[in-house]
Amino acid sequence: MVRVRFAPSPTGFLHIGGARTALFNWLFAKHNKGKFILRIEDTDAARSTKEAEEQILDALKWLGLDWDEGPLVGGPHEPYYQSQRLSIYKKFIAQLLNEGKAYSCYCTSEELDVRREDMKKKGEVPRYDGRCRDLTDDERNKLKKEGRSEVIRFKWTKPVLPFKDAIHGDINFGEHQYDDFVILKTDGNPTYNFSCVVDDHSMEITHVIRGDDHITNTPRQIALYEALGFSPPTFAHIPLILGPDKARLSKRHGAVGLMEYKKEGYLPEALMNFISLLGWSPGNNKEIMSEEELINSFSLERIISRNAVFNKEKLDWMNGSYIKDLPAEKLLEHVLPYFKEAGFINEKTDKEKLIKMMELYKPRTRTLCQIIDNADFFFQDKLSYNEEAVNKFLKRDYVPSLLDKVEERLEQLQSFLFQDIEKTLRELAEELKMKGADFIHPLRVAVTGKSVSPPLFEVMELLGKEKTLERIKDSKKIISK
RNA sequence: GUCCCCAUCGUCUAGAGGCCUAGGACACCGGGUUUUCAACCCGGUAACAGGGGUCCGAAUCCCCUUGGGGACACCA
């Protein structure tokens, strides 16, 4: 059975890149009817926080990526926090030590930094010089007595073998010199490469799908698998996501935390669809795909090995496309929190009207937040007029008398359905021998305060007779000012 | 600096030696529809990084150059 995992370290937000890695793992698991495991890699005690962990979990849930094993849900390989698996790591550290495959090192970080700098200056590749590798007992005791703390290093003995990557094919590190890397830190925590190997093995992970940036870690991990007597999983290194400047996506590029996208009004299903297309495609020109379609067509073979630039315009388009296809009731559910926050609505607000409003905005909205800005006039007591729109349309000579006539006709209307409003007002325009545009634009500004809105007669119907007339009266005062 | 990965329109991508006069999508530019903005429909601009091979034939295979990215921690 396929078992994959997403293993974030709780040191910050879940960003787009991490989300895409999680998504590919999740899709792969779902496609193969396997398990998706979530593991928290919190061995960096100094940088890991509970808040970050919660945010990551929330973001994953928001995106719709549920996990079969991990925090909150448990599973057969508990615990799923590396900080709680220390005894397991210790056992394997001891094993390596006993077999002479690892050794204690007493060099301090400061000393190592200095040596590294020296090597760099000389144009050498910075690597550990192995000076604690063959310490005698006497030497060891002496160093200990100096009060030096101890780390455990893995003893690198073999040349680096090529390995097979599911996406890149053979990767050959023949030339590369690996050094004796640290596997257990002074604070008693294992390093990433070690805990990762031990956990992936003990959690029976079959495929490790992770970012390209881990390619150079892979030989280290393979060496560890071998030293521990484990058989390695299949590795699949997916391309990185870049910002518009082609550098790795980061805070410099604006919003990268997944929850920021939620805040900005993106739909999780749209975001999922969009990031699934970064580095992967189904190969049939299909772009808008449901979760189910994504799962059905996903495969590692169709992941490409070229980095992808994150293109927000296309995300916006896709989000708009999802909004357009959402039933109005559903859209309202998404918009409601924003309306509440803006103070637009309360318990008494007519839900039917809100649904009609959503119908009006569906085809002209790319992010949920846009609806707040564009539909504010429905909720205002005192309309906020767009100055430019007022100057352009309301200050025309003919407008005051036009508004008088419009007001008069609307007063007489029994039914305030948009068809009736339209009929009446078109007749009026005809009588006045006015072009539709000259007639309607000033009216739009009078009623909405804006030069852009959904179809005006429908807006009027939704606003209601009373409010529409009130707006027209108000606008006349604006003109005379 | 060393090693690794990568290279098709501005961007996401299709392309597994002849189906490529290189396809789709976003963006952009026209046109249609229209009451503004959208949505929708129609059309357009736009790419195989360069140079060598291999082959009857190369975007596709090989080599070099160039360019981009990544890794070189007691971070993950």
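Letters A, B, ... mirror the listed sequences (proteins, then strands); counts begin at 1. Note that this is a predicted model, so its numbers are computed, not measured.
- Across all strands, Gly174(A) comes closer than 4.0 Å to no nucleic acid atom at all (heavy-atom distances).
- Between the side chains of Glu53(A) and Thr49(A), no donor N or O sits under 3.5 Å from an acceptor N or O.
- In this structure, His214(A) does not reach the A76(B) phosphate: none of its side-chain N or O atoms is under 4.0 Å from OP1 or OP2.
- Pairing for C40(B) goes to G32(B), judged as Watson-Crick or G-U wobble with the two contacts each under 3.5 Å.
- Under the 4.0 Å criterion applied to side-chain N and carboxylate O atoms, Arg148(A) and Glu111(A) are assigned as salt-bridge partners.
- Remark: the Asp245(A) side chain and the His253(A) side chain contain an N/O donor-acceptor pair separated by less than 3.5 Å.
- Between Ser104(A) and Glu150(A), the side chains place a donor N or O and an acceptor N or O closer than 3.5 Å (distance only, hydrogens not considered).
- Using a 4.0 Å cut-off, no side-chain N or O of Lys362(A) falls inside it from OP1 or OP2 of A38(B).
- When both pairing distances are held under 3.5 Å, G1(B) makes a Watson-Crick or G-U pair with C72(B).
- Of the residues in residues 124-132 of chain A, those placing a heavy atom less than 4.0 Å from an atom of RNA chain B are Val125(A), Pro126(A), in numerical order.
- Ring planes of Phe310(A) and Phe274(A): perpendicular class, angle over 60° (limits at 30 and 60°).
- Nucleic acid contact for His237(A): none, since no nucleic acid atom lies under 4.0 Å from a heavy atom of the residue.
- Side-chain atoms of Tyr89(A) and Asn189(A) include no donor-acceptor pair closer than 3.5 Å.
- Considering only the side chain of Val309(A), C12(B) comes nearest among C5(B), C37(B), C12(B).
- Rounded to a whole Å, the CD1 atom of Ile171(A) is 12 Å from the C1' atom of G70(B).
- Contact annotation for Ile304(A): backbone-only contact, meaning every heavy-atom pair under 4.0 Å involves sugar-phosphate atoms and none involves a base.
- Partner of Phe194(A) under the side-chain contact (heavy atoms from CB on, under 4.5 Å) criterion, chosen from Leu184(A), Ile152(A), Thr43(A), Leu96(A): Leu96(A).
- Of the residues in residues 18-26 of chain A, not one places a heavy atom less than 4.0 Å from an atom of RNA chain B.
- Within 4.0 Å of Asn172(A), counting heavy atoms only, lie sugar-phosphate atoms of the nucleic acid but no base atom.
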Taking only nitrogen or oxygen atoms into account, show me every contact under 3.5 Å that the protein makes with nucleotides 26-35 of chain B, one pair per line with its distance.
residue, atom, partner, partner atom, Å
C26(B), O2', Lys314(A), N, 3.3
A27(B), OP1, Arg366(A), NH1, 3.2
A27(B), OP1, Arg366(A), NH2, 2.7
U35(B), OP1, Arg426(A), NH2, 3.1
U35(B), O2, Arg444(A), NH2, 2.4
U35(B), N3, Leu456(A), N, 3.2

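- The environment of NZ in Lys395(A) is crowded: more than 12 heavy-atom neighbours from other residues, nucleotides or ligands sit within 6.0 Å.
- In this model, a donor atom of one side chain and an acceptor atom of the other lie less than 3.5 Å apart for Arg210(A) and Thr218(A).
- Classification of the Phe230(A)-His201(A) ring pair by plane angle, with boundaries at 30° and 60°, yields parallel.
- On the C1' atoms, A22(B) is 25 Å away from C63(B), given to the nearest whole Å.
- Taking side-chain N and O atoms only, Thr191(A) has no distance below 4.0 Å to OP1 or OP2 of A73(B).
- Scanning residues 383-392 of chain A for heavy-atom distances under 4.0 Å to RNA chain B yields an empty list.
- For an aromatic pair to be called close, the ring centres must be under 6.0 Å apart, and Trp280(A) with Phe298(A) satisfies this.
- Nucleic acid contact class of Thr108(A) (heavy atoms, under 4.0 Å, all strands): base.
- Residue Ser9(A) is in sugar-phosphate contact alone, with no base atom involved, counting any heavy-atom pair closer than 4.0 Å across all strands shown.
- Within 4.0 Å of Ser305(A), counting heavy atoms only, lie sugar-phosphate atoms of the nucleic acid but no base atom.
- The aromatic rings of His176(A) and Tyr178(A) sit tilted relative to each other, their planes meeting at an angle between 30° and 60°.
- Within the structure, a side-chain polar atom (N or O) of Arg116(A) is placed less than 4.0 Å from OP1 or OP2 of C74(B).
- Between the side chains of Tyr80(A) and Asp199(A), not a single donor N or O lies within less than 3.5 Å of an accepting N or O.
- Within the shown strands, C56(B) is the pairing partner of G18(B) under the Watson-Crick or G-U definition, both distances less than 3.5 Å.
- In this structure, the separation between CG on Leu27(A) and CD1 on Ile303(A) is 9.0 Å, given to the nearest 0.5 Å.
- Between U33(B) and U8(B), the distance separating the two C1' atoms is 36 Å to the nearest Å.
- The side chain of Ser453(A) contributes no N or O atom lying less than 4.0 Å from OP1 or OP2 of C37(B).
- A perpendicular orientation is assigned to the rings of Phe28(A) and His207(A), their planes being inclined by more than 60° (bins at 30° and 60°).
- Among the heavy atoms of the strands lying under 4.0 Å from Val151(A) is at least one base atom, whether or not backbone atoms are also near.
- Distance check on atom P: U2(B) versus C62(B) gives 24 Å, rounded to whole Å.
- Applying the ring-ring contact (aromatic ring centres under 6.0 Å, His included) test to residues at least two apart or on different chains, the pairs with a partner in residues 421-458 of chain A are Phe393(A)-His441(A).
- Side-chain polar atoms of Arg444(A) and Ser453(A) form a donor-acceptor pair below 3.5 angstrom.
- Here the C1' atom of nucleotide C12(B) and the CG atom of Asn319(A) are 17 Å apart, to the nearest Å.
- No side-chain donor-acceptor contact under 3.5 Å links Glu388(A) and Asn386(A).
- Using a 4.0 Å cut-off, some side-chain N or O of Lys185(A) falls inside it from OP1 or OP2 of A76(B).
- When the nucleotides C5(B), G23(B), A38(B) are ranked by their closest atom to the side chain of Ile215(A), C5(B) comes out on top.
- Atom pair Leu360(A):CG and U36(B):P shows a separation of 15 Å (rounding to whole Å applied).
- Remark: Arg302(A) is in phosphate contact with G15(B), judged by side-chain N or O atoms under 4.0 Å from OP1 or OP2.
- One finds a side-chain N or O of Arg306(A) lying less than 4.0 angstrom from the OP1 or OP2 phosphate oxygen of U8(B).
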Atom pairs, N/O to N/O, protein against nucleotides 67-69 of chain B, distance under 3.5 Å?
residue, atom, partner, partner atom, Å
G69(B), O2', Asn307(A), OD1, 3.1

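- Note on Ser281(A): only backbone sugar-phosphate atoms sit closer than 4.0 angstrom, heavy atoms only; bases stay farther off.
- Figure legend: Arg153(A) and Tyr128(A) shown as a cation-pi pair, the cationic atom lying under 6.0 angstrom from the six-membered ring centre and within 45 degrees of its axis.
- The base-pairing partner of A7(B), taking Watson-Crick or G-U wobble contacts with both distances under 3.5 Å, is U66(B).
- Annotation: of the two residues near RNA chain B, Leu277(A) and Asp170(A), the 5′-most nearest-nucleotide partner is Asp170(A).
- Nucleotides A49(B) and C9(B) place their C1' atoms 14 Å apart, quoted to the nearest Å.
- Nucleic acid contact class of Arg153(A) (heavy atoms, under 4.0 Å, all strands): sugar-phosphate only.
- The distance between atom NZ of Lys286(A) and atom C1' of C12(B), rounded to the nearest whole Å, is 17 Å.
- His237(A) and Asp212(A) are not linked by any side-chain donor-acceptor pair at a separation below 3.5 angstrom, with hydrogens and angles left out of the test.
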